[in-house]
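Worksheet for the structure shown next.
As the structure lists them, so they are numbered: ligands from 1, and atoms in each ligand from 1. Here, residue 1 is the first one in the sequence, and each next residue gets the next number. Excluded from the calculations below are hydrogen atoms, water molecules and symmetry mates; all remaining heavy atoms, backbone and side chain alike, are included. Predicted model only: the values in this text are computed from it and were never measured.
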Amino acid sequence: MRDPRYNILFEPIKIGPVTAKNRFYQVPHCTGSGWQRPRILAGLREMKAEGGWAVVNTEYCSVHPSSDDPPHPCASLWDDRDIRAHALMTEKVHAHGALAGVELCIGGARMANLDTREPSMSAVSMPNLAGNPFQTRAMDLDDIKEVRRWHRNAALRAKTAGFDVVYVYATHGYLISQFLSPTINTRTDEYGGSLENRIRLLREIIDDTKDAVGDTMAVAVRFSAETNGGNGGDGLPEPGETEEMFGTLGELPDLWDINVNDYSIEMGLSRFVQQGALEPYVKKIKSLTSKPVVSVGRFTSPDMMVSQIKHGVMDLIGAARPSIADPFLPRKIEEGRLEDIRECIGCNICYMGDGKGVPIRCTQNPTMSEEWRRGWHPEKIAQKKSDSSVLIIGAGPAGLEAAHSLGKRGYSVMLAEADRELGGRVTKEAKLPGLAEWIRVRDYRVQQIEKMNHVEIFRESEMTAEQVLEVGADHIAIATGAEWRRDGYGPNALGGIADLAEPKSVFTPDDILNGNLPEGKVVIYDDDHYYMGTVIAELIRKSGAQVTLVTPADTISSWGYYTYDRWRAQTRLMELEVDLVVSHGLRYFDGNYVQLECGYTGREKTVSTNVLVLVTARSPKDTLFEELSRRCSQATQSNIITLKKIGDCDAPAIIAAAVYSGHRYARHLDETIDVDNPLKHDRVFFEDA
Ligand code: ADP
Ligand code: SF4
């Protein structure tokens with residue numbers, strides 16, 4: 001039963017002509033599926049509705065081919081043939097009593113239209129804000145009329161598709177924000193210059209949308225609180241402008257969806273940004289309008305949500321990531337099952353799908369994007385198909401997830417872990433600077449497993465092949481993880497690096513995770529390109545050592561581009577006075593200096609150091625698996641039905657991949673999987689092409 005303290009979260013909220021059944025609001029968020037994968041999208045959005053979110057939104061939805069954003073997948077409502085794909089989602093969302101919203105988007109200088117090759121347009125002719133060498137065309141008055149018409153038509157299609165909420169998107173560097181910006185919008189006609197002129201397009205599009213569909217659909221405006229929507233580096237409002245603007249526009253839409261322009265705050269990594277970071281910005285807007293306000297803050301705690309409402313910060317609790325990590329978060333609060341909430345860890349692996357153009361995935365929720373194509377429900381799983389027992393070796397993310405999901409299926413599971421502490425790499429990495437929230441990967445699973453009598457945990461049980469066989473389990477999963485390599489092998493040195501000093505002055509992340517910190521002058525060589533190199537640099541620098549971070553890539557933490565680690569990490573290291581050397585490969589280390597080689601010119605450079613930390617690649621710890629395979633193949637009669645490797649022991653990767661691997665193992669046990677077609681392939685409707 002629900003704790004009465006949380007009753008306020010379940011109050012219905014009127015949003016213009018529609019009513020949200022509670023205050024849980026899934027804000028628009030990218031899914032990496034866009035118009036290309038409509039069924040995957042409908043499947044994942046349905047889960048949010050089933051899980052209790054009152055409003056479930058699409059990602060940004062382009063209104064016309066002149067707003068086209070590859071490689072980032074966006075939804076589209078370009079013509080009537082787009083309606084069917086959206087209707088798939090709205091029907092499923094409605095079936096669970098939720099409202100469906102669509103975030104209409106006009107690209108402006110943020111989109112270069114690389115697919116459609118239509119000219120990109122903005123208030124003025126300005127550089128593309130996504131780094132493409134294409135400038136926009138300055139819109140004339142006819143262009144403005146056309147853009148308004150496209151937006152209106154898209155709103156009408158959204159209505160036909162069954163949406164209940166339609167957005168006017170006035171932030172994040174898309175077209176309307178350029179019109180709002182005092183810096184960018186230097187037009188001299190009635191759409192530029194004064195505040196009244198700069199807000200004209202936004203006002204007209206709100207009016208158009210209300211006129212077209214406002215009788216039955218709520219009109220929401222997404223707006224950046226600190227820049228009045230402006231982007232391009234310095235679109236800050238003049239003092240008093242926000243107040244003046246809300247004097248004109250504050251009561252026009254049915255809902256204000258408030259964020260900040262800077263993604264690194266808005267969807268801040270837990271490594272750098274705390275929960276509820278938008279509060280000061282949102283609170284200000286809330287004081288300027290009587291319309292409902294929604295915003296985000298990586299909220300996973302119902303107490304924090306209640307406090308946001310009671311303190312007048314927002315009316316609806318917006319969430320992207322918490323709804324991805326746990327689509328059933330509202331329902332768990334409603335049913336008084338707080339310990340079952342799978343809390344987001346703030347790692348932003350979910351954001352990677354947008355940058356890579358692939359379906360969204362989540363470290364905590366392995367079923368994300370797999371609802372339709374694999375039939376995976378985040379809360380339900382098929383019951384066991386036999387009375388077989390399963391022995392899992394290793395309680396890292398892969399082993400814990402496998403044990404948890406097999407336990408849910410009803411299997412009798414034994415989980416053996418060499419260490420006293422469970423969690424494997426997550427337990428160790430969560431002790432690194434800024435990564436404390438990552439421990440939720442372990443805690444959620446351990447908490448669930450501890451409720452299951454048929455899952456037994458054996459700590460401090462380092463298993464040999466002999467001992468494994470003695471247990472006599474029917475199925476064995478080896479989840480023994482991986483270890484960082486000490487030979488320099490990595491993407492930039494596939495033959496390893498021959499000339500390295502004696503092991504005592506060469507460290508790997510495992511040494512550091514085991515509490516062995518180097519001192520003196522330290523060079524960290526990052527050929528891994530994600531978070532580990534920069535996090536370790538921060539840790540070692542803070543312990544007082546002099547640190548140089550070297551990478552063969554052209555930027556620090558280059559893969560961190562996809563998770564938003566990169567920029568903040570570089571800022572932090574620069575603030576800590578860590579020396580940064582990019583575009584250089586490591587060639588040699590003799591205990592006194594490292595020799596580096598420029599990736600472009602081949603010129604050599606030396607840095608004096610007494611310690612080298614190699615963050616390059618990992619080796620699977622699969623000797624136990626190999627030994628068991630050998631014994632099983634030699635035995636004339638083996639009782640083992642299956643022997644499998646999962647997680648990093650199978651293929652070292654990110655934590656999300658280990659969780660996924662453990663989950664997949666659990667789903668597939670005793671099931672017949674068609675190896676030729678292990679998942680359904682989403683395609684746009686062929687007959688509509
Ligand atoms: P993954 O990310 O694949 O889950 P981790 O490296 O996080 O891998 O976890 C592997 C876990 O396996 C570690 O906790 C480690 O202590 C444990 N382990 C490794 N070898 C054995 C073994 N022979 N017996 C029991 N546990 C083991
Ligand atoms: Fe949260 Fe990470 Fe999942 Fe994104 S991928 S929802 S940040 S746990």
> Tell me: protein heavy atom nearest atom 8 (O) of ligand 1, and distance?
Replying inline: G481 CA, 3.3 Å

> Going by distance only, is there an N or O of V426 that falls short of 3.5 Å from an N or O of ligand 1?
Replying inline: no

> Is there at least one pair of N or O atoms, one from A398 and one from ligand 1, spaced under 3.5 Å apart?
Replying inline: yes

>> Just verifying a value: how many Å separate Y562 OH and D354 CG, rounded to the nearest 0.5 Å?
In response: 11.0 Å

>> Does N516, at its CG atom, have more than 12 non-hydrogen atoms belonging to other residues, nucleotides or ligands within less than 6.0 Å?
In response: yes

> Of all the non-hydrogen atoms in the protein, which one sits nearest to atom 27 (C) of ligand 1, and at what distance?
Replying inline: A418 CB, 3.8 Å

>> Under a 3.5 Å cutoff, is there a donor and acceptor pairing between the side chains of T534 and R568?
In response: no

>> Using a 4.0 Å cutoff against the non-hydrogen atoms of A416, which atoms of ligand 1 qualify?
In response: 25 (C), 26 (N)

> Nearest to atom 8 (S) of ligand 2, what protein heavy atom do you find, and at what distance?
Replying inline: I345 N, 3.3 Å

> Which bit of S461 gets closer than 4.0 Å to ligand 1, counting heavy atoms only: side chain, backbone, both or neither?
Replying inline: backbone

> Counting from 1, what ligand 1 atoms have a heavy atom of G647 closer than 4.0 Å?
Replying inline: 3 (O)

> With side chains defined as the heavy atoms from C-beta onward, is the minimum distance between Q448 and K408 less than 4.5 Å?
Replying inline: no

> Side-chain donor-acceptor pair under 3.5 Å between E626 and T623, yes or no?
Replying inline: no

> What is the nearest protein non-hydrogen atom to atom 10 (C) of ligand 1, stated with its residue, atom name and distance?
Replying inline: A479 O, 3.2 Å

> Nearest protein heavy-atom contact for atom 20 (N) of ligand 1: which residue, which atom, what distance?
Replying inline: T480 CG2, 3.2 Å

>> Looking at R664, I'd like to know if its CZ atom is crowded, meaning that more than 12 non-hydrogen atoms belonging to other residues, nucleotides or ligands lie closer than 6.0 Å.
In response: no

>> Check this for me - ligand 1, K621, N or O atoms closer than 3.5 angstrom, yes or no?
In response: no

>> Any heavy-atom pair between the side chains of H475 and Y665 that's under 4.5 Å?
In response: yes

> To the nearest 0.1 Å, how far is atom 9 (O) of ligand 1 from its closest protein heavy atom, and which atom is that?
Replying inline: G396 CA, 3.4 Å

> Can you tell me which residue and heavy atom of the protein come closest to atom 24 (N) of ligand 1, and the distance to 0.1 Å?
Replying inline: M463 N, 3.0 Å

> Does R331 count as lying over the ring of F328, i.e. NZ or CZ under 6.0 Å from the six-ring centre, within 45 degrees of the axis?
Replying inline: no

> Hey, are the side chains of C344 and Q364 touching, using non-hydrogen atoms and a 4.5 Å cut-off?
Replying inline: no

>> Give me the nearest non-hydrogen protein atom to atom 12 (O) of ligand 1 as residue plus atom name, then the distance to 0.1 Å.
In response: G394 CA, 3.2 Å

> If you measure every N/O of E417 against every N/O of ligand 1, is any gap under 3.5 Å?
Replying inline: yes

> Do any N/O atoms on A658 end up under 3.5 angstrom from N/O atoms on ligand 1?
Replying inline: no

>> Just by distance, no angles: are the side chains of H377 and E50 close enough, under 3.5 Å, to form a donor-acceptor pair?
In response: yes

> At what distance is the nearest protein heavy atom to atom 1 (P) of ligand 1, and which residue and atom is it?
Replying inline: D648 OD2, 3.6 Å

> What distance separates S557 OG from Q570 CD, expressed to the nearest 0.5 Å?
Replying inline: 9.5 Å

> So, E437 and R440, do they make that salt bridge, N to O below 4.0 Å?
Replying inline: yes

> Which ligand 1 atoms are under 4.0 Å away from a heavy-atom of G424?
Replying inline: 7 (O), 9 (O), 13 (C), 14 (O)

> Of A656, C362, C350, C344, which has the heavy atom at the shortest distance from atom 4 (Fe) of ligand 2?
Replying inline: C350

> Of all the atoms in C347, is at least one N, O or S atom closer to atom 2 (Fe) of ligand 2 than 2.8 Å?
Replying inline: yes

> What's the shortest distance from atom 6 (S) of ligand 2 to any protein heavy atom, and which residue and atom give it?
Replying inline: R321 O, 3.3 Å

> Do the side chains of K621 and C649 get nearer than 4.5 Å, heavy atoms only?
Replying inline: no

> For ligand 2, which atoms have a heavy atom of G346 less than 4.0 angstrom away?
Replying inline: 1 (Fe), 7 (S)

> What atoms of ligand 2 come closer than 4.0 angstrom to any heavy atom of T363?
Replying inline: 3 (Fe), 5 (S)

> For atom 7 (O) of ligand 1, which candidate among R425, E401, E421 holds the nearest heavy atom?
Replying inline: R425

>> Less than 4.5 Å apart, side chain to side chain, heavy atoms only: is that true for V455 and L406?
In response: no

